[in-house]
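By convention in this document, chain letters (A, B, ...) are assigned in the order of the sequence lines, proteins followed by strands, and residues within each chain are numbered from 1. All values below were derived from every heavy atom in this structure, side-chain atoms included, with hydrogens, water molecules and symmetry-related copies excluded.
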Amino acid sequence: MASSTEPTRDESKAPLNFIEEIIEEDLRSGRHSSIQTRFPPEPNGYLHIGHAKSICLNFGLAQKYGGKCNLRYDDTNPTSEEQEYVDSILADVRWLGFEPDQVLYASDYFDQLYEWARVLVSKGLAYVDFSTPEEIAAQKGSPTVPGTPTPYRNTPPEENLALLERMKNGEFPDGHCVLRAKIDLASPNMHLRDPYMYRIKHARHHRTGDKWCIYPMYDWAHGQSDSIERVTHSICTLEFAPHRPLYDWFIEQLGIFPSKQYEFARLNLTYTVMSKRKLLQLVQQGYVSGWDDPRMPTISGLRRRGYTPESIREFAQRVGVAKRENIIDVSLLEFCIREDLNRRAPRRFAVLHPLRLVITNYPEDQVEWLETENNPEDPQAGYRTVPFSRELYIEREDFLENPPPKYFRLYPGGMVRLKSAYIVECTGVQKDDYGQITAVLCRYIPESRSGADTSGLKVRGTIHWLSAAHAQTAEVRLYDRLFQVEDPSSEEDFKKALNPNSLQILPNALVEPALLETQPGDHFQFTRLGYFCTDPDSTPAKPVFNRTVTLKDTWAKEAQKQRN
RNA sequence: UGGCCCAUGGUGUAACGGUAGCACAGCAGAUUUUGGUUCUGUUUGUCAGGGUUCGAAUCCUUGUGGGCCAACCA
């Protein structure tokens, strides 16, 4: 064994979050020799960026400390769960870059759970209650008023055992009775006032079919599932903190592996909503095209929007883990994707709002194929050629007849560099009968060609362009934030805060020829415009690109300031 | 007015009784054939009162503010 000259790792110096501190202490004290975590979604919807935080946390912890992390579906409520969601969840976890040690289901443990329920019943710690939900609610009391027992609380264990069996055997209709744990009706913690363990639902389960008509409640499944899997650190969000005493109670009464629950603050993002209920509404009521609409905060939406797994993992890292309620500025997410794509995305020319530009002193039939870099951040990315000719398209906003101060794009009498090509000087404009500019007229400086510039000219502005004869039509979808307010959830009706301009479709944008060979999921930077990716709707005949995020635009800010 | 959790710049997050730091955002400048990138500089903070201590963001206490909990949801 070579003696270690291992350099001090940054990791060991990096500050730990509170869960890492707990884990390191558990490892140091010998409480655990390795850790086991789990990501436990209910398959009743698509995963969103908040789940991504949990996934990165659970899988990340396992990776960091040499432990294991399972994916476990919390499929205890057959009426809201579907195979479609099961499939999408695993796909999203994998896309994020994590492979579960095991893929498991709470429903794997239904038999074991039933046996354990019998154990508690036998010990007089659970009973079958035939009261109506209304009666039980009334008898539960309130946080300041202790509950009172229902008449069924003192049924002898043998009788309860028989009753439970009859429940299981389907002898009672839905809602006829429930199994409750017998704990403490006066507890200030409402979860301890004889919580439900089983309810009757004659419903087909997506995995167990019709085998069961009683299904365990969350509290009677989660901790037990954790324990069965020997989960050492069961990490969940803050709203489950009041459940912890119950989580511990079941484990203690059963004398099974003592998993421990720890709670952290869930992720919130500005200008979006995160609750599955609200996201479901957006989908079902047609405000978005589906769970994977690029404006959705779902993993599948972000993926379609052009976010990369790396950017999302980086984001999860940067937001940290703590117990304080938070709302993360979406600009941090945007920073993460820009940072990633800036390094990797090939640059391409595209003109979203075309304006014709004619170089009057350039030969009519001439075409030059000019070299331009694929990515200035990455020399390995190499070069490609783009066609240059007498008639071009430039971006409409790159020309102004009456430029404001500090505008250094094109204007009458002004000069600008056409990226990777020539410097041109605007000599005039053509207008239609309505006074609309139909073309910008320029003369070019032949000795100013990029890479061989002997003109000695210096210009402030460089703009992108496309040769009119070679430009290809593409559909470009411009996405903006879904909501107009920072925290839509705090609105009376969050749907009223929807941004009416969150999607703008440009059916006739123009792109350079190289973009015809694109595949769905490809990422690009459209030079000077932003990062875009190819949508699944894209075909060779009609490419479709989604704008992931704009480039930072300090000129837009400056122009805005001038307007104010 | 029950129980539990939380409180550090605009937003997050560190500081584990000893100089309040980092990131994003903002602002200013340099570089730039992307008004991008990169680099430099910079504005802004310990909820309040009391206590312990040589020393408190940190410990204690009271208050204030916020969040969660009384689904046959998870």
K.L.:
Between G35(B), U37(B), A70(B), which one does the side chain of N342(A) approach most closely?
P.N.:
U37(B)
K.L.:
Would you mind reading off the distance between R266(A) atom CZ and C69(B) atom P, rounded to a whole angstrom?
P.N.:
10 Å
K.L.:
Which listed nucleotide (C27(B), A74(B), U34(B)) is nearest to the side chain of N77(A)?
P.N.:
A74(B)
K.L.:
Nearest of C24(B), U37(B), U13(B) to any side-chain atom of A322(A)?
P.N.:
U13(B)
K.L.:
Considering only A70(B), G12(B), C73(B), which nucleotide approaches the side chain of V319(A) most closely?
P.N.:
G12(B)
K.L.:
So if I take every side-chain heavy atom of H243(A) and compare against A74(B), G36(B), U13(B), which nucleotide ends up nearest?
P.N.:
A74(B)
K.L.:
From the list A70(B), C68(B), U37(B), which nucleotide is the closest neighbour of the side chain of K552(A)?
P.N.:
U37(B)
K.L.:
Using a 6.0 Å distance limit plus a 45 degree cone around the ring axis, check whether R207(A) lies over the aromatic ring of Y105(A).
P.N.:
yes
K.L.:
Report yes if the ring of Y218(A) lies under 5.5 Å from the six-membered base ring of A74(B) with planes under 30°, and no otherwise.
P.N.:
no
K.L.:
Using a 4.0 Å heavy-atom cut-off, does G451(A) contact any base of the nucleic acid, only the sugar-phosphate backbone, or nothing at all?
P.N.:
base
K.L.:
Mind checking if V321(A) touches a base, just sugar-phosphate, or nothing, with heavy atoms under 4.0 Å?
P.N.:
sugar-phosphate
K.L.:
I want to check a possible cation-pi pair here: K140(A) against Y196(A), using under 6.0 Å from ring centre and within 45° of the ring axis as the test.
P.N.:
yes
K.L.:
For RNA chain B, please output the secondary structure as dot-bracket, reading 5' to 3'. Pairs are Watson-Crick or G-U wobble, both atom distances under 3.5 Å; mark crossing pairs with [ ], other-strand partners with |, unpaired with a dot.
P.N.:
.((((((..((((....[..)))).(((((.......)))))....(((((..]....))))))))))).....
K.L.:
Should R460(A) be listed as having a side-chain N or O under 4.0 Å from OP1 or OP2 of U31(B)?
P.N.:
no
K.L.:
If you go through the side-chain atoms of E377(A), does one of them form a donor-acceptor pair with the base of U38(B) closer than 3.5 Å?
P.N.:
no
K.L.:
Sub-3.5 Å donor-acceptor pair from the side chain of E20(A) to the main-chain atoms of N17(A), do we have one?
P.N.:
yes
K.L.:
For K419(A) and for P133(A), find the nucleotide of RNA chain B with the closest heavy atom, then tell me which residue's nucleotide is more 5'.
P.N.:
K419(A)
K.L.:
Is N189(A) reaching over with its side chain to a backbone N or O of H191(A), donor-acceptor style, under 3.5 angstrom?
P.N.:
yes
K.L.:
Over all strands shown, is I328(A) touching base, sugar-phosphate only, or nothing at heavy-atom distances under 4.0 angstrom?
P.N.:
sugar-phosphate
K.L.:
Can any side-chain N or O of R409(A) pair as donor or acceptor with the backbone N or O of D398(A) at less than 3.5 Å?
P.N.:
no
K.L.:
May I ask you to verify whether the side chain of R417(A) and the base of U33(B) hold a donor-acceptor pair under 3.5 Å?
P.N.:
yes
K.L.:
Which nucleotide sits closest to the side chain of D74(A): A74(B), G35(B), A28(B)?
P.N.:
A74(B)
K.L.:
Does the side chain of T76(A) get closer than 4.0 angstrom to OP1 or OP2 of A74(B) through an N or O atom?
P.N.:
yes
K.L.:
Pick one: which of E371(A), E373(A), E395(A) meets salt bridge (charged side-chain N to carboxylate O under 4.0 Å, His left out) with K419(A)?
P.N.:
E373(A)
K.L.:
Using the salt bridge (Lys or Arg N to Asp or Glu O under 4.0 Å) criterion, which residues pair with E339(A)? Sequence neighbours excluded.
P.N.:
R318(A)
K.L.:
For U33(B) and K458(A) - does any side-chain N or O of the residue sit under 4.0 Å from the phosphate oxygens OP1/OP2?
P.N.:
no
K.L.:
Counting only distance, no hydrogens or angles, is the base of U33(B) paired donor-acceptor with the side chain of S450(A) under 3.5 Å?
P.N.:
yes
K.L.:
Under a plain distance cut-off of 3.5 Å, with no hydrogens placed, do Q560(A) and Q562(A) share a side-chain donor-acceptor pair?
P.N.:
no
K.L.:
Ignoring hydrogens and angles, are the base of G12(B) and the side chain of R318(A) linked by a donor-acceptor pair under 3.5 Å?
P.N.:
no
K.L.:
To the nearest Å, how far apart are F240(A) CZ and C69(B) P?
P.N.:
10 Å
K.L.:
Scan I423(A) against the nucleic acid and name what it touches under 4.0 Å (heavy atoms): base, sugar-phosphate only, or nothing.
P.N.:
nothing
K.L.:
Let's see if you can work this out: which of G35(B), A14(B), C27(B) has an atom nearest to the side-chain heavy atoms of T554(A)?
P.N.:
G35(B)
K.L.:
With respect to the side chain of T144(A), which nucleotide from G35(B), U1(B), A70(B) is positioned closest?
P.N.:
U1(B)
K.L.:
Both L332(A) and D174(A) contact RNA chain B. Which one's nearest nucleotide lies toward the 5' end?
P.N.:
L332(A)
K.L.:
Of the options G2(B), C5(B), A14(B), whose atoms approach the side-chain atoms of K323(A) most closely?
P.N.:
C5(B)
K.L.:
A quick test of your reading: do over 12 heavy atoms of other residues, nucleotides or ligands sit less than 6.0 Å from CD of E491(A)?
P.N.:
yes
K.L.:
For a quick check, tell me whether the side chain of R343(A) and the base of U37(B) share a donor-acceptor pair closer than 3.5 Å.
P.N.:
no
K.L.:
Which part of the nucleic acid does D553(A) contact within heavy-atom distance under 4.0 Å: base, sugar-phosphate only, or nothing?
P.N.:
sugar-phosphate
K.L.:
Would you mind classifying the nucleic acid contact of P173(A) as base, sugar-phosphate or nothing, using non-hydrogen atoms under 4.0 angstrom?
P.N.:
nothing
